[in-house]
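Along the sequence shown, the residues carry numbers beginning at 1.
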Amino acid sequence: MGNGHEASELLPDTDLARADSLAREIFSDVANKWAFLIIEFLGQRTMRFGELRDEVGGISHKMLTQNLRMLERNGLVERTVYPTIPPRVEYTLTGAGEALRSVVDGMCGWTQRHFSHIESSRRRFDASQA
C-alpha cells in the first residue's frame with residue numbers, strides 16, 4: 001500500500017505482502033459509517049453498550065454488536081466484563097484504536113475544509129449527467 005522501501009523501514013520483520021493484505025482487510029472492515037461513529041464516541045470516553053447505542057443514533061442492537069466485535073477482533077476496541085449481577089460490560093479504544101481515531105478525525109477535517117469544493121463538483125457532475 002505504499003512503496004516497498006517505506007514499508008520495509010516500518011515493518012522490517014513482516015511479510016510485506018501479508019501486511020498489505022491485512023491493511024486492505026482492516027480498511028474494508030472499518031470503512032463504514034457505524035465503525036467511524038463508534039470509534040469517534042469511544043474516543044471521548046469509555047462507554048457501556050446502551051450508552052454507546054444512544055450516542056450512535058439510529059444503529060440497531062445487532063449492527064452495534066457486529067461492529068463492536070469486528071473492532072475488538074481487529075484490536076481497536078477493548079471489551080471489559082465486570083463480574084457483577086448482571087454483568088457490567090464496558091468498551092474503550094485501545095492505543096491502536098486511538099491512533100485510528102486521529103486518522104478518522106483527519107478525514108473529517110479534510111471533508112470540512114473541502115466541503116464547498118466537493119458540493120459544487122457534485123452539482124456540476126450531476127447536472128452534466130442529466
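- Atom CH2 in W34 sits 7.5 Å away from atom OG in S60 (nearest 0.5 Å).
- A distance of 4.0 Å separates CZ of F49 from CG of L64, quoted to the nearest 0.5 Å.
- The side-chain hydrogen bond (donor to acceptor under 3.5 Å, both in side chains) analysis of residues 80-89, with sequence neighbours excluded, yields the pairs Y82-E90, R88-E90.
- Contacts of T65 classified as side-chain hydrogen bond (donor to acceptor under 3.5 Å, both in side chains), with partners at least two apart in sequence or in another chain: none.
- Under the rule for a side-chain hydrogen bond (donor to acceptor under 3.5 Å, both in side chains), R69 has no partner lying at least two apart in sequence or in another chain.
- Rounded to the nearest 0.5 angstrom, K33 NZ and N67 CG are separated by 11.0 Å.
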Distance-only donor-acceptor pairs under 3.5 Å for side chains of residues 105-114, two or more places apart:
from: T111; atom 1: OG1; to: M107; atom 2: O; distance (Å): 2.9
from: R113; atom 1: NH1; to: G109; atom 2: O; distance (Å): 3.3

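- A search for ring pair (Phe, Tyr, Trp, His ring centres under 6.0 Å) contacts involving H117 returns nothing, not counting sequence neighbours.
- Linking Ile, Leu, Val, Met, Phe, Trp and Tyr whenever their side-chain heavy atoms come within less than 4.5 Å puts V103 and V30 in one cluster.
- If you chain together hydrophobic residues whose side chains sit under 4.5 Å apart, F27 and I38 never meet in one group.
- Qualifying salt bridge (charged side-chain N to carboxylate O under 4.0 Å, His left out) partners for R45, counting only residues two or more places apart in sequence or in other chains: E51.
- Taken to the nearest 0.5 Å, the CZ atom of R73 stands 15.0 Å off from the CG atom of L68.
- Residues meeting the side-chain contact (heavy atoms from CB on, under 4.5 Å) test with I39, sequence neighbours left out: L71, L93, L100, R101.
- Applying the side-chain contact (heavy atoms from CB on, under 4.5 Å) rule to E72 yields the partners R79; only residues at least two apart in sequence or on another chain are considered.
- How far CG of L16 is from OG of S21: 12.5 Å, rounded to the nearest 0.5 Å.
- Listed by chain and residue number, L76, T94 satisfy the side-chain contact (heavy atoms from CB on, under 4.5 Å) test with A96 (two or more places apart in sequence, or in another chain).
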side-chain contact (heavy atoms from CB on, under 4.5 Å) between Y91 and R48: does it pass, once the steps are laid out? CA-CA 6 Å; Y91 298 89; R48 295 177 69 176; over 6 Å; no
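- Take E25 and apply the salt bridge (charged side-chain N to carboxylate O under 4.0 Å, His left out) test, not counting sequence neighbours, and it matches R18.
- Considering only residues two or more places apart in sequence or on other chains, D54 meets the side-chain hydrogen bond (donor to acceptor under 3.5 Å, both in side chains) condition with none of them.
- Following chains of ILVMFWY side-chain contacts shorter than 4.5 Å, one cannot reach I118 starting from F36, and the two form parts of different hydrophobic clusters.
- Residues satisfying the side-chain hydrogen bond (donor to acceptor under 3.5 Å, both in side chains) test with R123, not counting sequence neighbours, are none.
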